[in-house]
Structures are given as C-alpha cells and as structure tokens.
Amino acid sequence: MPLASADFPYLSAILLTCGGGLLAILCLPAARTRAIKWVSAVCSGITLLLSAYLFAAYDQARGGLQFVERLDWVPSLGIQYFNGADGFSLPMLLLSGIVFFTGVLTMWELETRVKEFFALVFLLVTGVFGLFMSLDLFFLFVWYDVSLFPMYLLIAIWGSTRKEYGAMKLTLYLLAGSALILPAILFLVVQAGLNTFDLTALMRPGTFSPGEQRFAFLLFYLGFGILAGVWPFHTWSPVGHVAAPTAVSMIHAGVLMKIGAFGVLRLGIFLCPEGWRYWAQLMGLLATVGIVYGALAGLRQTDLKFVIGYSSVSHMGIVGLGLATVSVDGVNGAVFQMFAHGVMTALFFSGVGWIYDKTHTKMIDELGGLSHTMPRASAYVILAALTSIGVPCLASFWGELLVFLAAFRAYPVRGALAVGALVVSALFMLRMVQRTFYGPPRERFAALPDVPFALGLPRLILAAVILVFGFFPALMFDMIATATLPLLQGVPR
Amino acid sequence: MDPILLAALTATLTPLAAFGAIVLATRRRPGLSAGLAIGAVALALAGALFLLARLWGLEMSVTYTTRWMASGSLEIVCGFLLDPLSVLMLTVVTAVCLLVQVYSLGYMAGDPGFARYYAFMSLFAWAMASLTVAPTLLQLYVFWELVGVSSYLLIGFWYAKFSASQAGKKAFVMTRLGDVAFFLGLLLVLTHLGHVEITRLNAGAAAGLSGHRLTVAALLIFGGIVGKSAQFPLLTWLPDAMEGPTPVSALLHSATMVAAGVYLLARLLPFFSLAPTALTVILAVGTLSMLLASTMALVSRDIKQVWAFSTISQLGFMLMGLAAGGYVAGVFHLTTHAGFKALLFLCSGVLIHHHGTNDIVDLSRRGARRQTLAVACLAVAAAALAGLPPLSGFFSKELLLAALAAHPNPVWLAAGLLGAFLTAYYAFRLIFLLLAPPAGGMEDAPAPHHDAPPGVRGAMAAPLVVLAGVTLLLGWAEKPLARFLAAGGGLTPTAAGHHAWLPFTAVGLAVAGVALAWWEFGRRQAPRVGFAERWPALGELFAQRWYLDHLYRLALGALVDHGAAHLCAQGDRRVIDPTVDGLAAGTVAGGRRLAVWHAGRFQARLLALFLVVAALAVTVFF
C-alpha cells in the first residue's frame with residue numbers, strides 16, 4: 001500500500017483537539033456550564049473542520065494511505081504510534097466529526113452534571129477518532145476499548161427507560177466482542193512472527209495461511225459484528241439506543257455501530273481476505289436475516305427510539321450484506337451506507353431528542369399531531385424517516401442501490417429478500433410518522449416550543465449533509481473507490 | 001449553450017429551484033411562494049413548448065448524458081432523452097401543472113398550509129418532468145420514487161385528518177410493493193446487460209437476455225406499472241388518495257403521475273414486445289382493472305371516487321391498447337385523457353369547494369346545477385370520457401379499439417367495448433344525478449364559500465375554459481400527432497385493419513350507455529336506482545370494491561402484523577434476550593456458588609484438607 005507522510009500531523013491534531021478539550025473541561029469548575037459547553041462546541045467544531053479538510057485534501061489520484069504519522073512506541077514489542085487515512089477511514093472520520101459536533105450542539109440545553117457528561121463524551125470520541133485513523137493493531141484495540149467504557153457511564157447516569165439494564169447489557173456485549181478481538185490480534189501477530197503490530201506489514205499477501213485467515217476472520221467478524229448489530233447479536237443495540245441520552249444515542253448509532261463494520265473491514269478483510277471469501281456466505285445469510293428481521297420487529301415497536309433502533313439493525317444488515325458480496329460495488333455501497341446511516345440516525349435521534357425533552361414521552365401512542373406545534377422538529381424527523389425508507393436524492397439510497405445490485409449478483413435470493421424488506425421498512429417508518437406527527441392537534445402539546453433556529457442548527461447541518469450526498473453521491477464514491485479497488489485486487493479469486 | 005439543452009434544463013430544474021426557495025426562504029409568505037411556483041412551472045412549460053417546436057420540425061431524438069457517479073464497472077449517468085414521446089409527455093405534464101397551480105390559487109386560498117402546498121407542488125413538477133425525459137431506467141426509477149414521495153406528501157396534505165394521513169401512507173406502501181418489483185427488474189437487467197439505457201434496450205440490446213429472463217424482467221418492471229397506475233391487484237390506493245386536495249387529485253392522481261405507469265410501458269414498448277408472454281399478462285391485467293374499476297364506479301356516490309375509478313379503468317384501457325401494439329393509440333389516449341380527466345376533477349373541485357361536500361346527491365340537493373360554467377365543462381369532459389364525437393376522447397378511444405381489433409384474440413376487443421359502454425353509463429349517471437332536481441327539492445341554505453372574491457373565481461374558472469377548449473379541439477390533432485410520434489418512436493405502426501363498423505359500434509354503445517343512464521337517472525319519473533343496485537348483493541359487492549381492501553387488511557394483519565412481525569418481535573423478547581439474560585444470571589449464580597468456597601468455612605476446609613492428605617497417604621504408603 002503506498003504511503004504518503006504528512007507535512008503536518010493533521011490526524012494527531014484531531015486527537016489532540018479532543019484530548020485538549022477533555023483537559024480543558026476537566027480543569028473548568030463544574031458550575032461554569034456555559035464555558036464547558038462553549039469549549040465542547042469549539043473543540044468539536046475544530047475536529048469537524050479538520051476531518052472535512054482531510055476529506056477534501058486527500059489526493060484521490062494517488063490513493064493509498066496519506067497523512068501518515070509514524071513513531072516507535074514500544075520498539076521491543078513492535079508497537080508503533082502509526083496513523084494514516086485512506087478512502088475507507090476518511091468518510092468515517094468525516095462522519096465522526098459531523099456527529100460529534102452536532103451531538104454536542106444537540107445537548108446545549110443539558111443541565112445535570114454538565115462537566116462529567118461532556119468530559120465522558122470527549123473521551124469516547126477520542127477513542128472513536130483514534131480507532132478510525134490507527135494502523136497499529138495494538139493502538140486499534142486500545143482505542144476500541146477507550147470508546148466503549150464511557151458509554152456505560154453515559155447511559156447509566158444520563159439515560160432513561162431501564163438505563164442500568166441497558167448500560168450493563170451494552171457493556172457486556174461489547175466486552176464479549178473485545179474478548180474475541182484481542183485473541184485474534186494476538187494470534188495473528190504471533191503467527192506472523194514479524195514482531196510488529198503494523199497493519200500494513202501484516203497485510204502483505206502470504207503472511208498468513210488460509211487456515212489461519214479463516215480462523216482469525218471468524219473471530220474478527222463475530223467480535224466486531226456484535227458492535228455492528230449483526231443478527232442474532234443485535235439486541236443490545238435497540239435497548240442501548242433507547243436508554244441513552246440524545247447525544248449518546250446519536251454517537252452510539254451514528255458512529256459506534258460503524259466501528260463494528262469498520263473493524264470487520266480494517267482488521268478482518270484487510271488481514272484475512274481468504275477468510276473473508278470463506279465466510280462470505282455466512283455473512284450474507286446473517287445480514288439478510290438481520291435486514292428482514294429488523295424491519296419486521298420494527299413494525300411492532302411502540303417506543304419511538306425502539307423503532308429507530310430496529311431500523312438501525314436493518315440498515316446495518318445492509319452494510320453487512322454489502323461486505324458479504326466480496327465485490328467492488330458491494331464494498332463501495334457498504335461504506336457509503338455506513339456514512340449515510342450514521343448521518344441519518346444522528347438526525348433521527350436529534351429530532352426525537354427534542355420531542356422527548358419537550359413532551360417527556362417517546363411512546364408513540366401518547367404522541368400525535370406534533371406537526372401542528374413543532375413543524376420544524378417534525379420536518380427533521382420526517383426527512384430522516386424518508387432517508388431511512390431509501391428515497392432517492394437522500395443519501396442512503398445510493399448505498400442501498402449498490403449493495404442490492406452487488407447482492408443480487410452474488411446471492412439472487414437473499415438480495416431479492418433484502419429488497420423486499422424495503423416495503424416493510426416503508427410501512428413501519430410511515431406508521432411511526434403518521435401516529436406521531438399527523439392527526440388533530442393535541443391539547444397538552446399546544447404550548448410546547450418548536451426548535452428555534454440556533455438550537456436547530458445541528459439538525460440543519462445533518463439534513464444538509466443528507467441532501468448534499470444524496471444529490472452528489474460521486475463526492476463520496478470517488479473517495480471510497482480509491483480504497484476499494486486496490487483492496488479487491490488483492491483478494492484471491 | 002446549446003438551446004435544446006438549455007430548454008431541457010429549464011423545463012426540469014426550475015420547479016426544483018422554486019421548491020428550494022420556498023422551503024428555505026419564502027415559506028412564511030404565501031403569495032410570494034405561489035408566485036414563485038407558478039412562475040417556475042410557466043418557465044418549464046415554455047421550455048417544453050420550445051422543445052416540442054424544435055423536435056416537431058426535426059423529427060429525431062436528442063440525448064444528453066453526463067456521468068453522475070461510478071462504482072467498479074458500473075457507471076450511472078444522468079441526462080435527457082428528448083424524443084417525440086418524452087417531449088409530448090413533458091408538455092402535457094408541465095401544461096397540466098401550470099393550469100392546476102393557477103386553479104389552486106383559488107381552491108387553496110386562505111389555507112394555512114398555502115406555501116407548503118406550493119412547495120410540494122413544485123417538488124412534484126420537478127420530479128415528474130425529470131421522469132419523462134430520463135434516458136436510463138435508473139434515472140426514471142429515481143424520479144419515479146420521488147413522484148411517489150410528493151404524492152405521499154400531497155395526499156396527506158391535510159394531515160390533521162386521520163383519513164388523509166392514512167390514505168397517504170397506504171398510497172406509498174402499496175406503490176412501494178410495485179416499485180420493489182420494478183427495482184428487482186432493474187437489477188436483473190443491470191446484472192445481465194450492464195446498462196439500463198432506454199434507447200439501447202429498445203434497440204434490441206434486450207435480446208442479450210435469454211428468453212426466460214427477459215420475460216421475468218419485463219413482468220417485474222410491469223409490477224412497478226401496476227403499482228403506479230393503480231392496476232389490479234394494487235388498485236385500491238387510488239380511490240383513497242382522493243383524500244388529498246382536489247387539484248392534487250386532478251394533477252397527480254388522474255392526469256400525470258398515475259399515467260407514468262402507462263408512459264413507462266409506452267417508453268419501453270419495443271423492449272416489452274420481445275416478451276409476448278408479458279404482453280399477454282399486461283392485456284389481461286389491463287382488462288381486469290378496466291372492468292373491475294368500472295363496476296366500482298357504477299354505484300359510488302362520491303364524485304371524486306367516481307372519477308378515480310374511471311382513471312383506473314382508463315389507464316387499464318391504455319395498457320390494453322399498448323400491449324396490443326397500439327403505440328400511438330395508447331399515447332394519444334394518455335394525452336387526451338390528461339386533458340379531460342383534469343377538467344373533470346377541476347370542475348368537481350369547483351362544486352366541492354362551493355358546496356362543501358363530495359356526495360353527488362347532496363351536491364344536487366344544494367343546487368350544484370346553478371354553477372353553470374362548472375357543470376357545462378363537466379358535461380363536456382364527461383362526454384369526452386364517454387367517447388362521444390367530436391370530443392378528444394372519441395378519437396383516442398377509436399384508435400385504442402382499432403388496436404384491440406387488430407389483435408388476433410377477439411376477447412380483448414369485446415372487453416374494450418363493454419368497458420366503453422360502462423364508462424358512458426357511469427359518467428352520465430353522475431351528470432344526470434347532478435342535474436336532475438332531487439325528490440325533496442333543493443335546499444336554499446347559503447353555501448359556505450358564497451362570498452368568494454372574484455379573483456378566486458377567476459383563478460378557478462380560467463383553467464376550466466382552457467381545458468374545455470383543449471378537450472373540444474385536441475381530437476383534430478390526431479393525424480399530425482400520430483405522425484410526430486411514429487417518426488421518433490422507431491416503431492412501425494401496426495397495420496391496423498380498417499374496421500368501418502367499429503366507430504359506429506363504439507359510438508352506438510356509448511350512446512346506449514348514456515341513454516340507460518338517462519332512463520334510470522335523467523328523465524322526470526326516473527327511479528334513480530342504477531341497474532347494478534337492483535341486486536343488492538351485486539351493488540354491495542361493487543360498493544365494497546369487490547372486498548379487495550378487506551382482504552388486504554386481513555392479510556396485512558394476519559400475515560405481517562400478527563404473523564411475521566409478531567414472531568420477530570417475540571423472538572427478541574422471548575428467545576434471544578432470555579438466553580442472554582439467562583447466561584448473565586447463570587454466570588452470577590455460578591459465581592455465587594463458587595464464592596461459597598471462599599467464605600471462610602474453616603472446619604469444612606480442614607475436613608477437606610484432612611481427607612485429601614489421608615487419601616494421599618493411603619496411595620503413597622500402600
């Protein structure tokens with residue numbers, strides 16, 4: 001893989017901004033909530049600008065890894081501080097920047113334990129950014145765990161609806177995942193015998209025998225698959241979505257589930273292409289079941305956030321199906337879908353968060369007629385719902401198109417079933433929209449405020465991103481293709 | 001810039017600009033929003049007319065494409081395919097859009113969602129205009145879905161009404177069923193041919209698909225047509241869609257959007273012709289829809305529902321004609337139908353707006369016949385629908401029947417003639433019901449919108465006059481339009497045999513239908529009971545729409561809601577979660593068990609120690 005060193009450590013700058021923000025928040029007195037919020041907004045804004053700059057500055061003609069930073073950390077063990085960005089990680093970095101910034105803005109009205117909340121969010125996001133940019137297996141694993149632990153506290157303290165249960169369930173599931181990932185990493189590093197955790201060194205063809213690849217890929221797939229909500233390991237995700245506070249739901253569904261899919265891609269597929277091909281049938285099967293099952297289960301939910309949670313299961317199934325096709329179109333579509341789904345669910349949770357804050361309920365039966373009093377908040381959720389249904393010119397359509405095309409080529413029956421689930425997802429999304437936002441105005445919601453412009457800003461940004469990539473998908477696909485084509489050339493037929 | 005390209009861009013993109021401007025800037029200023037939307041669609045119409053004029057002389061097709069995105073071997077292009085068919089359709093679409101938007105100035109005046117209405121209308125105009133000029137099936141599918149979304153938004157425009165939001169959802173989900181089939185057909189073609197360009201598919205590239213696959217692909221694509229054009233078995237969403245404002249029904253649910261299905265068949269007719277089995281299926285589905293919907297219209301008392309059923313039936317008729325090879329016939333009927341059906345709805349809208357009811361008998365009782373202009377235009381349009389000369393509908397129906405007569409199987413022609421009879425009957429049943437003074441005399445209650453300002457009336461009257469003029473005159477444009485269409489279509493017009501008896505039979509049947517309607521509803525001592533209602537079971541069957549909706553609701557409830565969805569939701573709650581929770585509880589319980597051994601039971605440990613040592617001693621020493 002061609003490497004291009006950075007003239008300026010942009011990637012570390014992102015991490016340092018997060019770290020600096022964390023320190024600044026810790027140093028500020030807890031009573032000065034306004035200052036804490038401004039520090040959070042500014043720091044997250046800087047990470048968004050940096051990630052957007054990297055996305056734009058990446059030299060697509062050259063491809064490969066760029067903005068590379070390398071530093072020996074523990075030479076005797078072959079551990080390096082090794083960061084770089086390619087066509088897979090840049091969309092994810094951009095997504096993280098967007099969701100982080102809009103998530104912070106969404107929590108502008110938070111009043112309880114502001115300091116602790118934002119400190120934990122910063123810690124979480126540092127891990128997320130680190131994971132997407134790291135190319136050293138040791139650091140990857142460390143960042144992975146850094147991004148998991150704050151989640152427990154964030155849900156258990158600021159959450160709602162069975163929050164202790166949800167937080168514990170999520171943590172246990174994800175730890176079970178990392179209990180599969182760590183052995184796989186150690187197994188590969190030891191088997192290679194190169195005394196290095198360097199991903200680019202380990203991914204050279206011929207480093208691992210097919211048998212080793214099959215074994216390690218399965219561990220990676222299951223370990224990261226739990227985080228990606230692969231059926232039947234998905235039940236932590238709706239419960240966790242529901243229990244989490246708004247910004248955490250946004251980061252959780254928007255970015256954390258993408259870490260799962262990204263982990264399968266970065267570790268599983270990069271290191272064990274042979275294993276990828278071997279287990280593709282299983283991946284395709286579980287993904288299809290997840291798509292159909294998630295949509296059907298979503299039909300029966302009565303809690304707004306559960307509806308979105310199950311739609312996430314279904315959508316992450318589409319990502320999994322794309323990866324399972326072992327084809328250029330499938331991987332392109334899957335990565336695009338990861339990005340689109342992240343932005344879309346962030347918008348969803350951001351909109352629903354406003355409604356929950358004001359009405360104090362997220363049970364669909366108790367809501368109704370909200371379009372009268374909250375036209376803007378309703379419009380944002382309806383836009384997210386239409387994106388989720390796969391309406392063209394909204395981002396998620398293009399990802400789904402490519403995934404379904406690739407799936408239809410590789411597995412016609414499963415592909416057709418997955419396409420059929422589109423009807424069910426339209427049905428449950430529109431039902432939710434109808435029961436929540438339409439109907440006669442309700443007396444008790446009459447006095448509730450709509451989103452004012454300033455507080456609506458995060459939702460506006462997310463909606464704009466959905467539209468931009470919905471109308472101009474090439475912006476994203478050209479980027480992803482720089483990584484997909486070399487990857488697929490390396491896969492044995 | 002190339003003037004043709006510029007005109008095509010104007011014709012499609014200006015409404016999108018209006019949509020964006022209304023949503024972002026002017027949504028609080030209703031007047032300005034309406035002005036923007038109408039100005040944009042007027043520009044679009046100008047672009048379309050320019051294209052029509054240019055292509056009329058040239059008699060050729062022009063294609064512009066540019067790369068939109070690429071992935072692997074797949075390149076997705078977007079652009080314009082301008083040929084007689086698409087430009088004619090584009091003109092029809094933008095013209096009806098303009099008329100309906102002007103009309104809405106009056107109809108929607110004072111509505112709190114006025115600006116939102118014009119935003120959605122502009123969204124629809126953009127999507128529909130872009131659909132007609134799409135050069136690839138994929139682009140067509142993109143806009144196909146977008147017109148579906150705007151239809152959803154517009155049907156549920158008065159979202160406070162439960163029935164309206166319900167109807168919007170039903171329309172979207174039912175057409176989605178068809179769209180999924182269309183999408184699968186698209187994927188099938190794309191997988192095996194690597195492209196979905198309409199001209200290449202029509203030029204015989206489809207032969208690259210083996211015969212079996214070609215039929216499957218054609219049938220799948222036809223699934224989309226069934227959904228969008230509300231054909232059997234997906235026809236029940238259209239009558240419900242009448243919950244939307246009447247101008248919306250006129251534009252989307254009769255003249256343009258639902259006709260997109262027929263347009264797609266016309267667009268791909270050479271492709272479909274390679275799959276004769278598919279054509280037979282289309283003939284059968286079209287016939288069934290035409291007859292079923294006609295029977296439903298026989299007994300309906302809701303003025304908009306009657307026209308909705310008649311839309312389904314006329315679309316079925318067009319599909320029959322196209323499938324029988326009558327390319328020009330189908331497209332011509334599509335054009336004339338857009339005119340007179342929009343007129344029917346707009347006239348009905350005037351009555352509904354004035355009297356505040358949809359019920360034909362109530363309208364009559366409240367003195368609908370005093371609205372001379374509206375009722376006169378309604379009668380003209382109904383006569384066109386019935387196929388009476390010299391109105392536009394007569395000419396296009398003759399063409400369609402001639403195409404059916406050319407088909408070797410006479411069943412389709414017989415069905416078409418029966419349909420013509422029923423159509424004339426139900427159209428004039430409605431007219432006579434409206435005109436005849438009801439038994440109880442007319443109420444003199446003041447109508448709710450009695451004091452409508454003259455501007456409102458003018459805005460609503462002008463489109464009626466224009467459309468009535470079109471309905472009166474368009475029939476005479478048959479020959480030049482047929483030449484124009486045949487020149488660009490690349491289709492050899494089927495040598496339709498000349499059947500001198502056919503026009504007379506058709507007109508005779510139409511007149512018989514009108515006469516029967518007069519006998520039952522029009523004359524002074526009329527029983528005012530239709531022939532279908534004399535058998536209560538039959539009347540009920542028709543009034544309940546053949547119980548199709550009951551069946552679907554039952555199936556949705558039993559198979560999806562309480563079947564598969566219940567199973568999946570319970571799977572999480574009863575199987576997966578308890579397993580995991582059990583695992584966790586088991587771990588905790590196991591830990592508790594094991595913890596006993598660390599709980600400082602000194603004597604027990606001493607005993608264990610003694611036993612172990614004793615056992616060791618025994619094994620070592622003996």
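Just so we're on the same page: letters track the sequence lines, and every chain starts at 1.
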Heavy-atom pair of closest approach, residues [X] and [Y]:
X: A/Leu296; Y: B/Ala564; result: CD1-CB, 3.7 Å
X: B/Cys568; Y: A/Tyr293; result: O-OH, 2.9 Å
X: B/Ile576; Y: A/Pro232; result: CG2-O, 3.8 Å
X: B/Leu146; Y: A/Pro392; result: CD2-O, 3.5 Å

[Y] and [X], any side-chain heavy atoms less than 4.5 Å apart:
X: A/Leu401; Y: B/Leu138; value: yes
X: A/Pro440; Y: B/Phe162; value: no
X: B/Leu184; Y: A/Phe408; value: yes
X: B/Leu556; Y: A/Leu427; value: yes
X: B/Asp581; Y: A/Tyr165; value: yes

Using a cut-off of under 4.5 Å for heavy-atom pairs, which of [options] has the most such pairs with chain A?
options: B/Arg116, B/Gln166, B/Gln570, B/Met174; value: B/Gln166
options: B/Val560, B/Leu188, B/Ile76; value: B/Leu188
options: B/Tyr141, B/Phe143, B/Tyr152, B/Phe172; value: B/Tyr152
options: B/Ala181, B/Ala569, B/Ser165, B/Gly72; value: B/Ser165

Are the side chain of A/Tyr438 and the backbone N or O of B/Tyr159 linked by a donor-acceptor pair below 3.5 Å?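 Looks like no, no N/O pair under 3.5 Å.
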
Sidechain-backbone polar pair: A/Trp398 side chain, B/Met69 backbone, donor-acceptor under 3.5 Å: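 Judged by distance alone, no pair lies under 3.5 Å.
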
Is A/Asp478 salt-bridged to B/Arg67, cutoff N-O under 4.0 Å?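 Salt bridge between A/Asp478 and B/Arg67, a charged N being under 4.0 Å from a carboxylate O: yes.
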
Using heavy-atom distances under 4.5 Å, tell me whether [X] contacts chain B through its side chain, its backbone, both, or neither.
X: A/Ile382; value: neither
X: A/Leu422; value: both
X: A/Val433; value: side chain

Could you check B/Asp572 against A/Arg300 for salt bridge (charged side-chain N to carboxylate O under 4.0 Å, His left out), going step by step and ending with a plain yes or no? CA-CA 11 Å; B/Asp572 269 10; A/Arg300 298 289 294 178; over 6 Å; no

